[in-house]
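Throughout, numbering of the chain's residues begins at 1 and tracks the sequence. When a ligand or atom number is given, it counts from 1 through the structure's own listing order. As the structure is a prediction and not an experimental result, all values here were calculated from the model.
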Amino acid sequence: MGVPLFDTATPLAPLRAELDAAIARVVDSGRYILGPEVAAFEREWAAYCGTSDAVGVANGTDALTIALRAMGVGPGDEVVVPSFTFYASAEAIPPTGATPVFCDVDPDTFCITPDTVRAALTPRTKAIVAVHLFGNVAPVAEIEALGVPVLEDAAQAAGTTTDAGRPGALGTAATWSFFPSKNLGCFGDGGAITTSDPEIADRCRMLRFHGSYDKQSFAHVGYNSRLDELQAAILRVQLPHLDAWADGRRAAGAHYEQAGLGEVVALPRATPGVRPAWHLYVIRHDRADDLAAAFAERGVGSKAYYRVPTHRQPAMAAFGADDARLPGTDEAARTHLAIPMSPVLDAAAAHEVTAVAREALAAAPV
Ligand SMILES: Cc1ncc(COP(=O)(O)O)c(C=O)c1O
């Protein structure tokens, strides 16, 4: 029995008729950009996250750049960002005119901590991007207590809950990606910014529409970056199911624990007070590449997402990033491996994956 890395099709299958109707509604409406579906989704997404505002944008990368600019980040500033993340978390910073400064992660949680952030702060630090990697959540309140505003990169954390509220409502602002494979995904590119600061929300709305508040005069150089009506309508069909899907992801993590996977590899650890809706279920082992080869032979999906961390990527050399000493990042980059995760991954699949891992690691290193 093979086990795929993702399964987006099974959870969506029962929603097919509703999705078709939502798409037809938009096609028939003749309104395709910034119409009633986007407005309704923004209200519903803000209510879900627990913020006063949500602003739909074209993707999660634009969401980061726009939110940082709306928070006042600009030329001459520094923005602290983890290196162990999807490249876009850092790539979105230079377009604001600011410089990315890389900080380390705790390899057990894959998230930044107050200590790793403190080591990267300078008098020029204007904001911190706290990435909620793999669906886990960085300790935002403790990080914000360092005295610098936090932008949550919550692209991977839809459906996660914490004792302090949902991600998206924990920092000064937060950004989302609705890329199709995300916990809440549309049928193309899509993104959003959430915040309870109405001035930041207003600036995000202005920046997403060419830097104009009134669509007549252009005071700023902005972007053409909107969530479109079709994607908003598709997201509105899915949103009522997000919590059930998140429960399924948590249950899948529990299936791995019950199958004994933690006896052979290091399992991801939730930060205290966090109940992750695992977007990716990422284990660690010194022999991660041997494991990946064994999984491939048995039809089990796996992927090392960030083997070369962001601060070692050629494009970041211009920011002196390669000099950063980030031992937790290097450890996570070397040993991590994403294994199958979806809202419908059951105990049998978790046992299968665990059996393959156990067998592969019992064999001598190749
Ligand atoms: C952590 C993180 N940040 C930012 C992004 C960028 O989002 P997008 O692909 O929608 O631009 C992604 C996903 O792709 C992500 O995983």
Side-chain angles (χ1 to χ4, degrees), residues 5-6 8 41 45 54-69 79-96 100 102-103 105 109-112 127-138 140 150-160 167-168 170-171 173-194 204 207-208 223-228 230-232 234-235 238 249 268 271 276-282 303-311 313 315-316 329 332-333 336 338 341:
L5 186 56
F6 292 117
T8 43
F41 175 70
W45 187 237
V55 181
V57 293
N59 55 67
T61 309
D62 284 2
L64 284 159
T65 303
I66 290 172
L68 286 169
R69 281 188 62 188
V79 176
V80 173
V81 63
S83 168
F84 190 71
T85 177
F86 179 54
Y87 176 68
S89 305
E91 179 194 28
I93 296 168
T96 68
F102 291 96
C103 74
V105 292
T109 64
F110 300 113
C111 287
I112 63 174
I128 296 157
V129 176
V131 182
H132 299 326
L133 204 65
F134 305 145
N136 206 2
V137 168
V140 173
V150 168
L151 176 63
E152 300 171 73
D153 179 346
Q156 299 188 6
T160 290
L170 305 175
T175 61
W176 300 91
S177 165
F178 304 121
F179 186 82
S181 63
K182 294 289 193 270
N183 292 2
L184 180 68
C186 55
F187 294 171
D189 277 310
I193 298 150
T194 48
C204 289
L207 287 168
R208 82 172 164 184
Y223 308 88
N224 176 359
S225 183
R226 286 122 20 168
L227 181 67
D228 65 61
L230 266 177
Q231 302 305 343
I234 288 162
L235 289 165
Q238 296 185 51
R249 290 175 181 278
T271 41
W278 299 113
H279 169 56
L280 299 174
Y281 197 77
V282 179
K303 186 167 171 179
Y305 275 84
Y306 315 129
R307 245 333 152 248
V308 180
T310 309
H311 74 291
Q313 295 293 344
M316 293 294 131
T329 297
H336 80 285
M341 170 52 63

Would a line drawn from the ring center of Tyr305 to the ring center of Phe86 be shorter than 6.0 Å?
no
Could you tell me if the ring centre of Phe84 sits under 6.0 Å from that of His336?
yes
For Arg208, salt bridge (charged side-chain N to carboxylate O under 4.0 Å, His left out) partners two or more places apart
Glu42
Backbone of Leu170 reached by a side-chain donor or acceptor of Glu152 within 3.5 Å
yes
For a quick check: using heavy atoms under 4.0 Å, what are the residues in contact with ligand 1, sorted by chain and number?
Asn59, Gly60, Thr61, Thr85, Phe86, Ala88, Ser89, Val131, Asp153, Ala155, Gln156, Ser177, Lys182
Val105 vs Leu133 side-chain heavy atoms within contact, under 4.5 Å:
no
Measuring only between side-chain heavy atoms, which start at C-beta, is Leu227 closer than 4.5 Å to Leu235?
yes
